[in-house]
Every structure is written in structure tokens, then in C-alpha cells.
Undergrad: 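First, the structure itself, so that you have it in front of you.
Order of the sequence lines sets the chain letters (A, B, ...), proteins ahead of strands, with each chain counted from 1.
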Number of protein chains: 2
Amino acid sequence: MSKKDITVKEVARRAGVSTATISRVLNGDSKVRPETAARVKEVIKECGYRVNRTARSLKTRKTYTVGIVAPEFKNDFFMSIVTGVEETLKNHGYSVILCSSHESREEEKNRLRLLKEKNVDGAIIIPGSSRGEHFSLMEDTPVVLVDRLVEGFTSDAVLSDNFQGSYDAVRQAVDMGARAIGFLGGDKDLTSARERFEGYAQACRDLGVAFNEETVLFGDYHEDSGYRLMKQLMESDGAPDYVFISNYFMHVGAARYLLESGRDFPGLHVLSFDDLPLAAFFPCISLIIAQPMEEIGRKAADLLLKRIDGSTEKRQTFRLPTSMRILN
Amino acid sequence: MSKKDITVKEVARRAGVSTATISRVLNGDSKVRPETAARVKEVIKECGYRVNRTARSLKTRKTYTVGIVAPEFKNDFFMSIVTGVEETLKNHGYSVILCSSHESREEEKNRLRLLKEKNVDGAIIIPGSSRGEHFSLMEDTPVVLVDRLVEGFTSDAVLSDNFQGSYDAVRQAVDMGARAIGFLGGDKDLTSARERFEGYAQACRDLGVAFNEETVLFGDYHEDSGYRLMKQLMESDGAPDYVFISNYFMHVGAARYLLESGRDFPGLHVLSFDDLPLAAFFPCISLIIAQPMEEIGRKAADLLLKRIDGSTEKRQTFRLPTSMRILN
DNA sequence: AAATCAAATGTAATCGTTTACATTCTCACA
DNA sequence: TGTGAGAATGTAAACGATTACATTTGATTT
């Protein structure tokens, strides 16, 4: 008899008990005599029986699987979050279906539909945009949003305190002597990009930093955008000597520009979000705002687990504090 | 009636046909009258019926899910591979369970056991070490190995042509005037690390490059190792002016050393594996050996799909060519 | 109009578990 | 030794789909 045909039924036959008993020892049900349990376990080991989780799920309506949807995978920021999520969930017996939305709303929708059909117990979503009406097709499957908020759908959410992080960075820059601070922003469609801008703007107002429209530039969170905007800023007339960059990939692009230009930028100070590999060695870097990425993931997973277990607390948005790394 | 209670049975009732007919429509079975199919589809749309894939899987013994096991997620190299895999599989209706093995053989084993119980249709593994006896617990579930080979288990595999990539790089270095080339190697337990060393060593022999034991150092593929070995090499007496670095993370570490040391390294030339973000801007970088990462992922997925569909071709190892990026 | 046959549909078993409910043990106690 | 109660076990019906096989329908032929 091939190993693959060994089901509870077969184990029951070999152990001379009923399938119910097998199931009971499998699930640690107390009401089975120790000797019986021992014999069953013996048989199970002996014939290499392994539970079929698909069948179990069908019956119990629980898959111990959660979906994660992220705009892309080649992104240390997202993957740090995923690392935190996976680690936490694994410790509770869950596994993770990973889906890329390719930053497309339509794709995001398709993946969610699939996750629903696969009966995931919950989902963690890093939204690709600020629109989230389609998330409601998860119906009563718990959802936790991460890193970005969304309109048209309310749920638990976990993200960095972007406003405060930006604000503090600007204050620190002022302490270091900044008089004017340029700004390279992400796509304003994303909450995090907006919040980072707001923190920056508010700090400028509060601290009397000149706010020059010409040196506040918006693009998106990608490398090319950082390159382009940094170039634009540095080649303009009134180039500031402090520049705030809104995320790591823009920072990479900006750094690439600085390096490629071959020019020297004496006195230039860069402030940037995200403490990712080598950011601390990019040209002119003065200050890094570090997000607690894995912690965000762990927190999101914790929240999700609570919801899955039926928590009915009010939905909440958690903003975890960033930290500052001052380089010179 | 809540949306969640809508099963084929309910749809059948509403459409006035049997569940068999619903199933046939769902699966595009030809032998159902167009009018009937239309009516059924109508009802399905109307009541928002969605198939329960868990139930379907139980019956069909096909989950349309494959497992991916990787040593870690915060790794652009691995995640590029995963990107290629996910994209290809998605196009064929499969989704992906992502597991981290944390470079632990025990953990790798646990994850595989879980994947087996979850009835994945196949698995793609980036092994954490060169031992793979435990992979056999996938029994007749198809497995494709990626990036690293393994002893004690044979299967399809896809990886870069590490030997050739190294060999070519050394030849290019020689063309550029190298007389002696230091080597920073990864953990020799990994096939890729060994192969890269072999390519380097063979090229040195073939091309008459001095092979100095003192400047051939081994560590592991991580950043700290790159830092430590580069420091060791640069602070030694006979520091070579060409250095071959075996992967991206070691390169990051080495670059960190060069930057942190504050010293100048006139005439130093770095050759390194992996064309990852900003590698081309690391100090002294002269040549990058780029691996076709997403392509590796796509190829692995293609192979897996063929096996899942029952291909019985001889198991094969594919070594995809690397490419060279010459920087100065 | 009866016979034939293919096409369309239905019936019911099945996939491998879990679990409500029914039954049978076991043993303390009268 | 019979009784009763609780513990241990068994029986059989789900879970929601698919599908082999049986049946019905309806067109075509004679």
C-alpha cells in the first residue's frame, strides 16, 4: 500500500479502532484512553500517516493560511515586513500565500478574489494605491492594512508614524544649521507620501524654515524618480543645501545622480527615509529616518491573529515610531 | 441567505438543474446546452456564487498551489527569483506559499513537511545547505532546486553558470592588466561558492595569474563576512590590486569596509558577482557578473509546471549564462 | 409512428477529515 | 451483584465540490 493512500480510515483499520478515535488523538482530544492513544500513535508513526490538511480544512472551515498582497517583491522594505509577518504567523501554525499586485488595482482585486476562494483565514495587504473599495470583496475575512491607508474601506492598519518621523528629521536638520530644505516626494496618491510631506511642511512652518515651492518636488517612490528629481533640484538655480528624500528607492536614484554627475556637492546634506543596505554610505547622507519594518509586520500579524480568533474590538490604526540615525 | 452559504447545491436549486450541471458550467464542459449554461451563469452572477477551492481540491487532488522555500526574504537576489516564479505560475493559475527556512536544515524540513500536508502540487527550493536528504519527504511531489545543488537528492535544477561567469571575469581582469587577483569566497558548503572558486582558480591557472594562498579567503555570503575578509585582505602585506568578490552581500560588506576605512585605494579593482542596486557605484568596482535572476525563476517554474503535468523526461540541471558588466 | 442514437441532464458516490450523537465500557457503590 | 454515571469509543452525516454511470430528451431515419 503506497504511503499516499494512507488515510485515517486505514490507520483506524490497522489500529483496530474507529476513525473518530484517530481524529481525536490527532487533535489531542483528552477523552481517549492513554493506551489507545499510544497504540494509535504507534501505528501512525509506523505507516507514516500524514494528515490531509485540505480535507481537514473543508470540514473545519479553517485553512491556517493567510494571504499577503504586496505591490512587488524586489523590495527590501516590503520584504522586511513580510519577514515579520511570516515569522509571527508561522509560530501560530499559519502559512502564507504571497501575491504580487504589481501596483495594479485590477491585479490586486484578482488576487484578493483568489485568496477568498482559497478560503484564507485572513489577509495582510500593502495597498498599491489609496483606493480600497475592492477590499470589501474579502467580506468577513479579516484584513489588516500595512504601510498605507486607503479610502473606501476600514480595517485595522499598521504603519510608521510618517508625520512625526519627517517632522523630527526637519527639526534635527535645523539644529544642524539648515536654513532651506528641499523636498523630494513620492506619489501623493499614497498616504505615506502625503504624511511625510505634511510632517516636513509643518516642521518648516513651525521652525521658520524657508518654504520654497521651487524646491519641493513630487514624483513617485521609485529609483528613476529620485534620480530625475535630484537632478532637477541640483541643476536649478536656488539649489538648497539640505534635501529631504521620501524613501529608500528615491534615495538610491538620487545617490546615483550624485555619483554619476561627477560633480562635487560641498555642503550638501541629505535626509532620507529608510535605513536600508548602504543608505548610510550614500553621498552626503546626514540623517536617516528608520522605520521599524519587521516590527510593523509582526504587529500586523498579531492584529490579524486576534481578528481571526474572533476579536471584535474597534478597528484601529497603529502608527509605530520611527527612529533617527544621525550620520554627520 | 448569506453569501457564504451559497454552494453549487444552492445555485442548482435556484437554476432548477442538478449540481452536476453547475459543475459542468463551472469547468467549461462542452456538453451543456448553451441556454442552460447561460441561465446557470446568470444565477451565479446574480447570487455571487464563488467556487470553494478547498472542496474542489479535495476531490480533484490538485491544489493549484506550489511551495517556495528560501533561506530568507530580505534578499533581493532570492526575491528576484521568486518574482520570476510567481509571475510564471500565476499565469498558469497557480499561487505560491512562501516559506523561510532561515538557513536551518531542521526548519527547511519542517516547512517541506507542511507543504506536503498542504498538498502543494510542487515545490521550488533554494536550499540552505548542500545536504538534501530530507527533500525526499516530498515523495512524488515534483521539486525543482534553484541556485544551489544538493547531495542526497536528485531533481531538476536551475542555476547560473557560476564556473563560467567567474572564469570569464578573471579573463577580463587579465585583459585589463591584472597580475594577481585576490579572492573573497562564500561558504564552501554551498555549490555556488565552490563553483565560483573553481572558475576563478581554473582561469588563474590557465592564464598564468599568480595564485597566492594568502589572498584567497573564505567566509560566507553575508555582509559581515565581506567586510571582515576585505579588511583582512587590504591590511595584509601583499594586498593584490584586483579582488574577486563572490556575491552581492559580501560586496556590500567589502564596500562598507572601503568606505569606512577612510583610506584611498588607488589602483584597486573589484570584480563582483551580482548586479544589484548600486553595486555599480561601490568603490573601485570594475566589473560585475550579472546573474539572470528572474529568468532563473521563470525557468524553474516552467520546469516545475512540466513535471506537474506529468513530464517524465530525465531530470536535468540547467546552468544559465551570466553576463558581464564592465565599468572601467 | 417506431426505432435509433447522440446529446443533455440527473443521481449518487466519493475525496479525507471532523464531530454530534449513540453506544458500550468501566468501575465505584449500594 | 446490580446499578448508574462518566469515560471511551463507534456510527454516520456532514463539509462542497467532481464525475462515473444512468437516465431522459429530442432529432433523425425508416
Undergrad: At their closest point, which heavy atom of B:Arg315 faces which heavy atom of B:Asp156, and how far apart are they?
TA: CA-OD1, 3.4 Å
Undergrad: Do B:Glu10 and B:Arg14 meet the salt-bridge criterion of a basic N to acidic O distance under 4.0 Å?
TA: yes
Undergrad: Please round to 10 degrees the angle between the axis of the first five pairs and the axis of the last five pairs in the helix from C:dA1-D:dT30 to C:dA30-D:dT1.
TA: 50°
Undergrad: Starting at the 5' end of nucleotides 7-20 of chain C, put B wherever the base has a protein heavy atom under 4.0 Å, S where only the sugar-phosphate does, and a dash everywhere else.
TA: -SBBBB-BBBBBB-
Undergrad: Rounded to whole angstrom units, what separation is found between the NZ atom of A:Lys118 and the P atom of D:dA17?
TA: 16 Å
Undergrad: Could you pull out all donor-acceptor pairs under 3.5 Å where a side-chain atom in residues 24-33 of chain A meets a protein atom, sequence neighbours excluded?
TA:
from: A:Asn27; atom 1: ND2; to: A:Ser23; atom 2: O; distance (Å): 2.8
from: A:Asn27; atom 1: ND2; to: A:Ser23; atom 2: OG; distance (Å): 3.3
from: A:Asp29; atom 1: OD1; to: A:Lys31; atom 2: N; distance (Å): 3.1

Undergrad: Mind checking what makes side chain to side chain donor-acceptor pair (under 3.5 Å) contact with B:Thr63, not counting sequence neighbours?
TA: B:Asp121
Undergrad: Heavy-atom count around B:Glu313 CD within 6.0 Å, excluding the residue itself: above 12?
TA: no
Undergrad: Within this structure, what is the CZ-to-P distance between B:Arg13 and D:dA17, rounded to whole angstrom?
TA: 15 Å
Undergrad: Show me the donor-acceptor pairs, under 3.5 Å and distance only, between side chains in residues 40-51 of chain A and residues at least two apart or in other chains.
TA:
from: A:Arg50; atom 1: NH1; to: B:Glu117; atom 2: OE2; distance (Å): 2.3

Undergrad: Tell me which donor-acceptor pairs under 3.5 Å the side chains of residues 134-142 of chain A have, and how far apart each pair is, sequence neighbours excluded?
TA:
from: A:His134; atom 1: NE2; to: A:Glu108; atom 2: OE1; distance (Å): 2.7
from: A:Ser136; atom 1: OG; to: A:Glu133; atom 2: O; distance (Å): 2.8
from: A:Thr141; atom 1: OG1; to: A:Lys116; atom 2: NZ; distance (Å): 2.9
from: A:Thr141; atom 1: OG1; to: A:Met138; atom 2: O; distance (Å): 3.2

Undergrad: Identify the two heavy atoms, one from A:Arg53 and one from B:Asn119, that lie closest to each other, and give their separation to 0.1 Å.
TA: N-ND2, 4.3 Å
